[in-house]
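Have a look at the structure below before the remarks.
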Amino acid sequence: MLIVFSCKKNSAEDGKEVVSGNVKQVTETVNGSTYRIFTKVGTTTFKGILVMGSGNDESNPSVGSLDGAAEADICSKAADNGYAAAIVQYRKTPGNANWNTSAKMVGEDYNQCILAISSKYGVDKNKAVVGGYSYASFMLLTDNSQSNTLTYVKGILAACGAAGTWNAQNFKIPVYSISCSGNNEGDYSGKALYDQIPANSAVKAKSEGVTDGGCNTHCGGSWTDKMYSKMVAWLN
């Protein structure tokens with residue numbers, strides 16, 4: 001069973017800018033997509049787009065939270081280095097009641113968020129990376145194998161999420177799967193998921209799997225720097 005990944009709240013009110021160091025953040029809604037965006041103060045030209053998503057309760061999911069500390073950390077780091085980074089408020093999904101439909105909905109919401117940021121901030125949508133923690137990670141990995149919604153993005157940062165062998169055999173874009181040891185997510189995650197990607201897959205060379213031996217709980221690692229480095233590698 002998936003374990004809910006929750007973090008302390010630290011959100012910007014809708015439409016109100018909050019500045020911390022060199023980074024400003026604001027929650028906005030553009031073309032029906034609500035997200036919390038992080039940008040560097042004074043920056044008007046961006047290297048690319050990062051969109052992250054939160055964990056959730058797979059048995060009774062709510063809309064995606066904008067307040068996760070882990071999501072905010074990587075978005076702040078990306079913003080401070082010249083990227084437009086956001087946490088997406090994906091829709092309430094059926095969760096376990098219809099896993100594939102849930103993944104499709106989440107994939108669509110990431111796509112809408114990228115398109116909104118691309119239009120408003122003048123960034124090429126093809127210079128985008130998506131990622132998530134726990135539930136959002138599971139959803140992105142599933143969507144990666146069953147639809148073409150996000151095939152234009154450079155890769156998926158999948159923290160503490162898992163997928164099955166069939167999913168790995170049908171990934172359409174590269175993945176960076178990172179998880180703690182202990183098989184907390186079931187199926188395949190981290191290096192075990194990467195190992196399921198066939199050697200002749202077009203995405204194998206740009207994918208990576210890491211099982212962090214320094215933690216053994218669900219979403220228990222500190223992975224901002226590792227995930228950020230992979231994002232930069234994909235976008236360069």
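Values reported hereafter were calculated over all heavy atoms of this structure, with side chains retained and with hydrogens, waters and symmetry mates removed.
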Where [X] and [Y] come nearest, the two heavy atoms and their spacing:
X: A136; Y: Y110; value: CB-OH, 3.7 Å
X: H218; Y: S134; value: NE2-OG, 2.8 Å
X: I37; Y: A84; value: CD1-CB, 4.4 Å
X: M231; Y: A78; value: CE-CB, 4.2 Å
X: S137; Y: G132; value: CB-O, 3.6 Å
X: A168; Y: L193; value: CB-CD1, 4.0 Å

Under a 4.5 Å cut-off applied to non-hydrogen side-chain atoms, are [X] and [Y] in contact?
X: L140; Y: L150; result: yes
X: V203; Y: I197; result: yes
X: N144; Y: V175; result: yes
X: I87; Y: Y35; result: no
X: S33; Y: N31; result: no
X: P94; Y: M105; result: yes
X: F138; Y: L141; result: no
X: T39; Y: F46; result: yes

Roughly how far, to the nearest 0.5 Å, is the [atom2] atom of [Y] from the [atom1] atom of [X]?
X: M139; Y: K104; atom1: CE; atom2: NZ; answer: 13.5 Å
X: Y188; Y: T211; atom1: OH; atom2: OG1; answer: 13.0 Å
X: L157; Y: K226; atom1: CG; atom2: NZ; answer: 13.5 Å
X: D143; Y: F171; atom1: CG; atom2: CZ; answer: 11.0 Å
X: I114; Y: Y152; atom1: CD1; atom2: OH; answer: 3.5 Å
X: S76; Y: D80; atom1: OG; atom2: CG; answer: 8.0 Å

Applying salt bridge (charged side-chain N to carboxylate O under 4.0 Å, His left out), which residue pairs with at least one partner in residues 123-141 are found, sequence neighbours left out?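 Found none.
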
Sorted by first residue and then second, give each salt bridge (charged side-chain N to carboxylate O under 4.0 Å, His left out) pair with at least one member in residues 208-221; sequence neighbours left out.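 Applying salt bridge (charged side-chain N to carboxylate O under 4.0 Å, His left out) to every pair that reaches into residues 208-221, excluding sequence neighbours, yields E208-K230.
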
For the side chain of [X] and the backbone of [Y], is there at least one donor-acceptor N/O pair under 3.5 Å apart?
X: T93; Y: S102; answer: no
X: K47; Y: N81; answer: yes
X: N98; Y: G95; answer: no
X: S181; Y: C215; answer: yes
X: Q146; Y: N100; answer: yes
X: S65; Y: D67; answer: yes
X: D187; Y: A162; answer: no

Going hydrophobic residue to hydrophobic residue with side-chain gaps under 4.5 angstrom, can you get from [X] over to [Y]?
X: L66; Y: V63; result: no
X: Y176; Y: V232; result: yes
X: I178; Y: L235; result: yes
X: I49; Y: Y121; result: yes

Inspect the contact between R36 and E28 and indicate whether a charged nitrogen and a carboxylate oxygen are less than 4.0 angstrom apart.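 No salt bridge links E28 with R36.
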
Can you tell whether the side chains of D195 and K191 come within less than 4.0 Å, N to carboxylate O?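 Counted as a salt bridge, because a side-chain N and a carboxylate O are separated by less than 4.0 Å.
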
Supply the members, apart from W166, of the Ile/Leu/Val/Met/Phe/Trp/Tyr cluster built from side-chain contacts under 4.5 Å; use none for a lone residue.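 None; W166 is a cluster of one.
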
Apart from V19 itself, which Ile, Leu, Val, Met, Phe, Trp or Tyr residues share its cluster (side-chain heavy atoms under 4.5 Å, direct or through members)?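 Same cluster as V19: V41.
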
Going through the checks in order, is the side chain to side chain contact (heavy atoms under 4.5 Å, CB included) test met by Y194 and S177? CA-CA 7 Å; Y194 171 79; S177 177; 5.9 Å; no

Between the side chains of S179 and S189, does any donor sit under 3.5 Å from an acceptor?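 Yes, S189 and S179 have a side-chain donor paired with an acceptor closer than 3.5 Å.
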
Using only heavy-atom distances, determine whether the side chains of N167 and S145 contain a donor-acceptor pair under 3.5 Å.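 Present: a donor and an acceptor within the cut-off.
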
Going by the angle between their ring planes, with limits at 30° and 60°, are Y90 and Y135 parallel, tilted or perpendicular?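 Answer is tilted, since the angle falls between 30° and 60°.
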
Side chain to side chain contact (heavy atoms under 4.5 Å, CB included) for E108 and R91? Distances and angles first, verdict last. CA-CA 10 Å; E108 290 170 346; R91 288 169 288 175; 2.9 Å; yes

What's the verdict on side chain to side chain donor-acceptor pair (under 3.5 Å) for T29 and T34, showing C-alpha distance, side-chain angles and the deciding distance? CA-CA 4 Å; T29 299; T34 298; 2.7 Å; yes

Taking C219 and C180, which are both Cys, do their SG atoms fall under 2.5 Å of each other?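 Their SG atoms do not fall under 2.5 Å; no disulfide, then.
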
Taking atom NZ of K204 as the centre, does the number of heavy atoms from other residues, nucleotides or ligands within less than 6.0 Å exceed 12?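 It does: K204 NZ has more than 12 such atoms within range.
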
Would you mind listing every disulfide bond (SG atoms under 2.5 Å apart) that reaches into residues 43-88, with sequence neighbours excluded?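 Sorted result for residues 43-88: empty, none.
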
CA sep, side-chain torsions, deciding dist, call: T165, Q196, side chain to side chain donor-acceptor pair (under 3.5 Å): CA-CA 6 Å; T165 298; Q196 297 305 304; 3.1 Å; yes

Taking it one step at a time, do D109 and V106 satisfy side chain to side chain contact (heavy atoms under 4.5 Å, CB included)? CA-CA 5 Å; D109 291 348; V106 170; 5.6 Å; no

Step-by-step side chain to side chain contact (heavy atoms under 4.5 Å, CB included) determination, M52 to L50: CA-CA 7 Å; M52 297 296 296; L50 171 67; 3.9 Å; yes

Could you list the residues that satisfy side chain to side chain donor-acceptor pair (under 3.5 Å) with Y228, not counting sequence neighbours?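 Partners of Y228 under the side chain to side chain donor-acceptor pair (under 3.5 Å) test: none.
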
